[in-house]
Amino acid sequence: MKSIVILISGRGSNMEAILDAGLPLQVRAVISNRPEARGLETARNRGIPAIALDHKTHSSREAFDAALAETINRHTPDYIVLAGFMRILTADFIGQYVNRIINIHPSLLPAFTGLHTHRRAIESGVKIHGTTVHFVTPALDHGPIIIQAAVPVVPDDTEDSLTRRVLQQEHRIYPQALAWLAADRVELRNGVVRIRDLDVLPSMLAPALVVPDEA
Ligand code: GRF
């Protein structure tokens with residue numbers, strides 16, 4: 001069975017969705033760069049080693065990433081799963097785990113890289129927004145895309161309402177992406193991901209253009 005370490009910074013709802021999905025994956029540890037992250041408690045309650053590694057106690061980004069790598073390596077995971085991990089990782093760190101770091105980003109990449117994606121989506125007037133699970137490369141929010149889900153942006157949307165709608169989709173697609181990885185079905189060629197033996201498109205691949213918040 002493949003194994004993962006999950007990195008978080010806060011609430012940890014994506015982490016929880018992954019844990020609840022009953023995937024054939026061993027979750028060896030959850031690590032947070034913020035000691036107060038609510039997700040640490042959730043992981044601990046489920047008997048998963050939950051480790052706080054405070055970035056503020058490290059003198060530089062490089063020093064933190066070295067400590068992070070050391071902590072991760074003690075658990076020898078196949079994949080490192082970023083689930084709301086709000087730190088930019090150094091190219092050096094990423095280079096140690098080529099095609100083994102996965103992230104979820106709250107936009108339809110390559111649109112809206114970076115922060116405040118929901119607010120920016122509303123301000124820019126896009127009618128479709130969403131979320132992306134992708135491999136992490138040194139170029140921020142630019143790695144090969146594994147799965148995406150789309151949601152409508154409606155006239156009365158606020159940052160909060162759009163966040164909620166996107167988050168529902170995050171909780172569906174992240175477990176799906178990890179299920180494919182667990183089953184060794186993710187092929188990566190020339191920066192493009194292909195899922196092996198995918199003859200029927202799962203519904204989460206299609207835009208979830210549903211009436212907001214009805215689900
Ligand atoms: C999610 O929207 C994720 O896409 C982004 O940060 C948020 C984390 O939420 N990277 P949670 O901690 O998983 O609840």
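Note that ligands are numbered from 1 as they come in the structure, with each ligand's atoms numbered from 1 the same way. What's counted below: heavy atoms across the whole structure, side chains too, no hydrogens, waters or symmetry copies.
The two atoms that bring D157 and I122 nearest to each other are O-CD1, 3.9 Å, heavy atoms only. In plain terms, the two heavy atoms of L167 and N14 that are nearest each other are CD1-ND2, 4.0 Å.
Under the 3.5 Å distance criterion, the side-chain polar atoms of T117 are matched with a main-chain donor or acceptor of P106. The backbone N or O of D78 lies less than 3.5 Å from a partner atom in the side chain of R100, making a donor-acceptor pair.
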Determine whether I72 and I31 satisfy the following criterion, side chain to side chain contact (heavy atoms under 4.5 Å, CB included), listing intermediate values before the conclusion.
CA-CA 8 Å; I72 290 169; I31 304 172; 3.8 Å; yes
Run the numbers on I104 and I173 for side chain to side chain contact (heavy atoms under 4.5 Å, CB included), then give the verdict.
CA-CA 9 Å; I104 188 153; I173 67 171; 4.2 Å; yes
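For ligand 1, none of its N or O atoms has an N or O atom of H105 under 3.5 Å away. For ligand 1, the polar-atom distance check against A83 finds no nitrogen or oxygen pair separated by under 3.5 Å. Taking distance alone, with nitrogen or oxygen atoms compared against 3.5 Å, R11 approaches ligand 1 more closely than that limit.
The single protein non-hydrogen atom nearest to atom 11 (P) of ligand 1 is S13 N, 3.4 Å, given as residue, atom name and distance. Nearest protein neighbour of atom 8 (C) of ligand 1, counting heavy atoms only, is G84 CA, 3.5 Å. Distance from atom 3 (C) of ligand 1 to its nearest protein heavy atom, with residue and atom name: E170 OE1, 3.3 Å.
For I104, the heavy-atom gap to ligand 1 drops under 4.0 angstrom.
Atoms of ligand 1 found under 4.0 Å from any heavy atom of G12, numbered from 1 in the order shown, are 11 (P), 12 (O), 13 (O), 14 (O).
Under the 30°/60° scheme for interplanar angles, the aromatic rings of F112 and H129 are found to stand perpendicular.
The residue from G10, P106, S9, G39 that puts a heavy atom closest to atom 5 (C) of ligand 1 is P106.
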